[in-house]
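In what follows, a single structure is set out as structure tokens and then discussed.
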Amino acid sequence: MDVHHRNVKKIAVMGGTFDPIHYGHLVTAEAVRHQYNIDQVLFVPTGHPPHKRNRAITDAQHRYLMSILATETNPHFFVSRIEIDRQGLTYTIDTIKELKEQYRQDTEIYFITGADAFLEIFTWKQAEELLEICNFIAATRPEYPKEDLVASIAQIEKNYRAKFNFIEVPALAISSSEIRNRVSSGEPIKYLLPEAVENYIEKYQLYKG
């Protein structure tokens, strides 16, 4: 067992393409860590997600390194290569099962996801098993109709042995697609993401179109 895993009772997994990672991701992760007393937040850049096969995604090594740069000052944040090193399409159920083998048997796993993605959970591979083996935290954007999310959570909890939570995060108004568009059109991205990530994007000329 890795030294970072020994005393961890709760981890929160934040998956995403992180193309690029920005303050919306970081603020959400920190809010979850604080509110749910999480020991570690594990950022997991996606490898080959099945739902984004029609969109070009920046090379995994760039996304991994930007995630490292963005999280390096928070002692509770870690980045995993678990999905980008896996061959073929990457599914959340496989990632959660692999993490369960890496951490202590009694470590609780929380999975952070956006509200939009959460409402499509039954399109995910082995969704029912996934609902049983980890807790979910759905993060909402400011303009999101919270009532729909609360109603969906109540219905799923009624039908399955599942634990759900939701959290409102104002900074989720920031999006990776907006940052890519701004870089492509020459608009500033300062204060939308960590300076180290901004410098990395500039150095490697990412998202220039």
Is Ile84 close to Thr46 at the side-chain level, that is, under 4.5 Å between some pair of heavy atoms?
no
Going through the distances and angles, do Glu108 and Asn135 end up as a side-chain contact (heavy atoms from CB on, under 4.5 Å)?
CA-CA 8 Å; Glu108 283 188 272; Asn135 308 303; 3.6 Å; yes
Give a yes or no on whether a salt bridge exists between Asp94 and Lys125, defined as a side-chain N under 4.0 angstrom from a carboxylate O.
yes
Tyr191 atom OH: more than 12 heavy-atom contacts under 6.0 Å:
no
Would you say Val169 and Thr140 make side-chain contact, with heavy atoms under 4.5 Å?
no
Any side-chain heavy atom of Leu26 within less than 4.5 Å of one from Ile21?
yes
Please work out whether the ring planes of His25 and His22 are parallel, tilted or perpendicular, with thresholds of 30° and 60°.
parallel
Considering all heavy atoms of both residues, which atom of Ile109 and which atom of Val13 are nearest to each other, and what is their separation?
CG2-CG2, 4.0 Å
Distance-only donor-acceptor check, side chains Ser176 and Asp19, under 3.5 Å
no
CZ/Phe43 to CZ/Phe77 distance, rounded to the nearest 0.5 angstrom?
4.5 Å
Distance col, row Tyr64:OH vs Arg81:CZ, nearest 0.5 angstrom, shows 5.5 Å
Write down the atom of Val197, the atom of Pro20, and the distance for their closest heavy-atom approach.
CG1-CB, 4.4 Å
Taking all atoms of both residues into account, what is the closest heavy-atom pair of Ile38 and Ala12, and its distance?
CG2-N, 3.6 Å
4.5 Å side-chain heavy-atom contact, Val79 and Phe18
no
Please report the closest heavy-atom contact between Glu202 and Gln205, naming both atoms and the distance.
O-NE2, 2.8 Å
Worked verdict on Glu83 versus Arg63 for salt bridge (charged side-chain N to carboxylate O under 4.0 Å, His left out)
CA-CA 12 Å; Glu83 289 197 358; Arg63 295 185 287 111; over 6 Å; no
If you count every heavy atom of other residues, nucleotides or ligands that lies below 6.0 Å from Glu187 atom CD, does the total exceed 12?
yes
Atom CD1 of Ile11 and atom CZ of Arg104: how far apart are they, to the nearest 0.5 Å?
12.0 Å
Please name the pair of heavy atoms, one in Ser80 and one in Pro45, separated by the smallest distance, quoted to 0.1 Å.
O-CD, 3.2 Å
Ile121 and Phe136: CA distance, side-chain angles, deciding distance, side-chain contact (heavy atoms from CB on, under 4.5 Å) verdict
CA-CA 11 Å; Ile121 193 166; Phe136 278 80; 3.5 Å; yes
Mind running side-chain contact (heavy atoms from CB on, under 4.5 Å) on Thr123 and Glu120 for me, showing each step along the way?
CA-CA 6 Å; Thr123 66; Glu120 297 175 352; 4.0 Å; yes
So Trp124 and Phe111, would you call those rings parallel, tilted or perpendicular, with 30° and 60° as cut-offs?
perpendicular
In Å, rounded to the nearest 0.5 Å, how long is the span from CZ of Arg180 to CG of Leu206?
11.5 Å
Is the shortest heavy-atom distance from the side chain of Glu30 to the side chain of Val41 under 4.5 Å?
no
Is there side-chain contact between Gln35 and Ile167, with heavy atoms separated by less than 4.5 Å?
yes
Angle between ring planes, Tyr36 versus Tyr110, binned at 30° and 60°: parallel, tilted or perpendicular?
tilted
Could you walk me through whether Asp59 and Tyr204 pass side-chain contact (heavy atoms from CB on, under 4.5 Å), step by step?
CA-CA 12 Å; Asp59 180 82; Tyr204 291 99; over 6 Å; no
Under 6.0 Å from the NZ atom of Lys9, do we count more than 12 heavy atoms belonging to anything else shown?
no
Would you call Glu178 and Arg182 a salt bridge, using N to O less than 4.0 angstrom?
yes
Can you confirm whether Ile133 sits close enough to Lys97 that some side-chain heavy atom of one is under 4.5 Å from a side-chain heavy atom of the other?
yes
Going from CE on Met14 to OG1 on Thr71, what distance comes out if it is rounded to the nearest 0.5 angstrom?
12.0 Å
Would you give the length of the straight line joining atom OG of Ser67 to atom CD of Glu72, rounded to the nearest 0.5 angstrom?
12.0 Å
After noting the C-alpha distance and the side-chain angles of Asn181 and Tyr207, does the key distance pass the side-chain hydrogen bond (donor to acceptor under 3.5 Å, both in side chains) rule?
CA-CA 8 Å; Asn181 291 337; Tyr207 315 126; over 6 Å; no
Heavy-atom pair with the smallest gap, counting every atom of Thr95 and Val44
CG2-CG1, 4.4 Å
Under 6.0 Å from the CD atom of Glu195, do we count more than 12 heavy atoms belonging to anything else shown?
no
